Amino acid sequence: MSVGILTDLTRCIGCEACVSACREINNLPASKPGSQLTSTTWTAIDRKGGINIRRQCMHCLDPTCVSVCPVGALEKTEQGPVIYHEDRCMGCRYCIMACPFEVPKYEWDSVLPKVQKCIMCYDNRVRKGEQPACTSVCPAGATIFGERDELLDVAKHRIQENPGLYFDHIYGIHEAGGTSVLYLSDVPFEELGFKYMQADLAYPKLTWNVLSHIPNIVSVGGVTMFGIWWIINRRITLDKVRSGELTEEEALGAEPD
């Protein structure tokens, strides 16, 4: 069974109950409401043209972040959620650079930074047979949880029953090879800032082009040395971010000294 989330943007009222529930269950610090995902905001409400747009990890069916991670810190579970093992992470940030949806975020202000993103409440709820906190609190039924195939049936039925209301596409059905998080909208998704994804492109297969340029990355020794190199470099970069020499955006793409 592969589970997922369907968000119907025509029903979202922008109350941010999902944002608050996510913060509470994941012990994320309170901060100003915002439209962007950050290391402390795993679900956010973006607003464009009067439409409330819930943003979160897409939990790809064949996730690029998982395929590019050299130490298995990210894992695609059998149930569907893509989870993160912080004890394995060496801070290389390949997942951040590889994600076609630009979801994973880095803790630049932490002494021991981790990658942060939505894990669909896998440990706390989904693995126990419960729904994620975000979908359980939505007062408008704008975001619902269930088996992915059943959610696709629900989405198709809504489009068929209300052809004048919905834009005739389910975002996530094919994008980036398919995702566990699906969307319905009454306007084209490109107008809402959703990324165009080539449906027939197998993104994880492309990640070998990155890994193949790293000598010995497939060997245990190579991974170990590469990990040490990244840990040292990320600490140098973090110091530069704290001192103001680099912005977070510049640091993300910074080359080693």
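Everything numeric in this text was worked out from a predicted model, so none of it was measured.
Nearest heavy atoms, Lys76 versus Pro63: CB-CG, 4.0 Å. When all heavy atoms are compared, the tightest approach of Ser2 to Ser180 is OG-OG, 4.4 Å. The two atoms that bring Ala21 and Ala133 nearest to each other are CB-O, 3.7 Å, heavy atoms only. For the pair Val68 and Ala98, the tightest heavy-atom approach, listed with the atom from each and the gap, is CG1-CB, 3.8 Å. Of all the heavy atoms in Cys95 and Pro104, the pair that sits closest is O-CG, 4.0 Å. Nearest heavy-atom pair across Gly177 and Leu61 is O-CD1, 3.9 Å.
Open room surrounds CD on Glu24; 12 or fewer heavy atoms of other groups in view lie less than 6.0 Å from it. Enclosure of atom CD in Gln36 is not indicated, since only 12 or fewer non-hydrogen atoms of other residues, nucleotides or ligands lie within 6.0 angstrom.
Put simply, the side chain of Arg11 never gets that close to the backbone of Ala140: no donor and acceptor are under 3.5 Å apart. Without hydrogens or angle criteria, Ser185 side chain to Phe189 main chain gives no donor-acceptor distance under 3.5 Å. Between the side chain of Lys48 and the backbone N or O of Asn52 there is no donor-acceptor pair closer than 3.5 Å. Side chain of Lys156 to backbone of Ile170: no donor-acceptor contact under 3.5 angstrom is found. Formation of a donor-acceptor pair under 3.5 Å by the Gln160 side chain with backbone atoms of His157 is not found in this model.
Within the 4.5 Å cutoff, side-chain heavy atoms of Val82 are placed close to those of Lys117. The closest side-chain heavy-atom distance from Ile5 to Ile144 is not below 4.5 Å. Contact check for Val115 versus Glu107: no side-chain heavy atoms found under the 4.5 Å cut-off. Using a 4.5 Å heavy-atom threshold, the side chains of Leu6 and Thr143 count as separate. With a 4.5 Å cut-off on side-chain heavy atoms, Cys69 and Tyr94 do not count as touching. In this structure the side chain of Cys22 never reaches within 4.5 angstrom of the side chain of Cys118, judged on heavy atoms. In this structure the side chain of Lys105 never reaches within 4.5 angstrom of the side chain of Ile96, judged on heavy atoms. Between Cys12 and Thr7 there is no side-chain heavy-atom pair separated by less than 4.5 Å.
Linking Ile, Leu, Val, Met, Phe, Trp and Tyr whenever their side-chain heavy atoms come within less than 4.5 Å leaves Leu182 and Phe194 in two separate clusters. Residue Ile83 is grouped with residue Phe145 when hydrophobic side chains (ILVMFWY) are merged at heavy-atom distances under 4.5 angstrom, including chains of intermediate members. In this structure, Val154 is not a member of the same hydrophobic cluster as Phe167, with clusters built from ILVMFWY side-chain heavy atoms closer than 4.5 Å. Taking hydrophobic clusters as Ile, Leu, Val, Met, Phe, Trp and Tyr residues chained together by side-chain heavy-atom distances below 4.5 Å, Leu165 does not share a cluster with Ile53. Following chains of ILVMFWY side-chain contacts shorter than 4.5 Å, one can reach Leu184 starting from Leu152, so the two form part of one hydrophobic cluster.
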(request) Evaluate the side-chain contact (heavy atoms from CB on, under 4.5 Å) criterion for residues Arg148 and Val3: first the C-alpha distance (whole Å), next the side-chain angles of each, then the deciding distance (0.1 Å), finally the verdict. (result) CA-CA 5 Å; Arg148 184 177 186 270; Val3 299; over 6 Å; no
(request) Apply the test side-chain contact (heavy atoms from CB on, under 4.5 Å) to residues Gln116 and Thr40: give CA-CA distance (whole Å), side-chain angles for both, the deciding distance (0.1 Å), then the verdict. (result) CA-CA 7 Å; Gln116 298 282 28; Thr40 57; over 6 Å; no
(message) Is there a side-chain contact (heavy atoms from CB on, under 4.5 Å) between Leu37 and Trp42? Walk through the geometry before answering.
(response) CA-CA 6 Å; Leu37 300 178; Trp42 297 0; 5.8 Å; no
(message) Let's go through Asp8 and Tyr183 carefully: what are the C-alpha distance in whole Å and the side-chain angles of both, what is the deciding distance for side-chain hydrogen bond (donor to acceptor under 3.5 Å, both in side chains) to 0.1 Å, and is it a yes or a no?
(response) CA-CA 6 Å; Asp8 189 334; Tyr183 286 89; over 6 Å; no
(request) Before giving the answer on side-chain contact (heavy atoms from CB on, under 4.5 Å), spell out for Asp186 and Ile51 the whole-Å C-alpha distance, their side-chain angles and the decisive distance to 0.1 Å. (result) CA-CA 9 Å; Asp186 55 353; Ile51 299 175; 3.6 Å; yes
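Seen from the ring of Tyr106, Arg93 counts as a face-on cation partner, given the 6.0 Å and 45° thresholds.
Partner of Arg55 under the side-chain hydrogen bond (donor to acceptor under 3.5 Å, both in side chains) criterion, chosen from Asp46, Thr43, Thr41: Asp46. Screening Arg54, Arg23, Arg47 against Glu16 for a salt bridge (charged side-chain N to carboxylate O under 4.0 Å, His left out) leaves a single residue, Arg47.
For the atom pair Ile119 CD1 and Ile25 CD1, the distance stands at 9.0 Å (nearest 0.5 Å). With rounding to the nearest 0.5 Å, the separation of CD in Glu161 from CZ in Arg158 is 11.5 Å. Between the CG atom of Leu74 and the SG atom of Cys89 there is a distance of 7.5 Å, given to the nearest 0.5 Å.
Under the 4.0 Å criterion applied to side-chain N and carboxylate O atoms, Glu190 and Lys195 are not assigned as salt-bridge partners.
Ring geometry for Tyr171 against Phe101 counts as perpendicular: the plane angle is over 60°, on a 0 to 90° scale with 30° as the lower cut.
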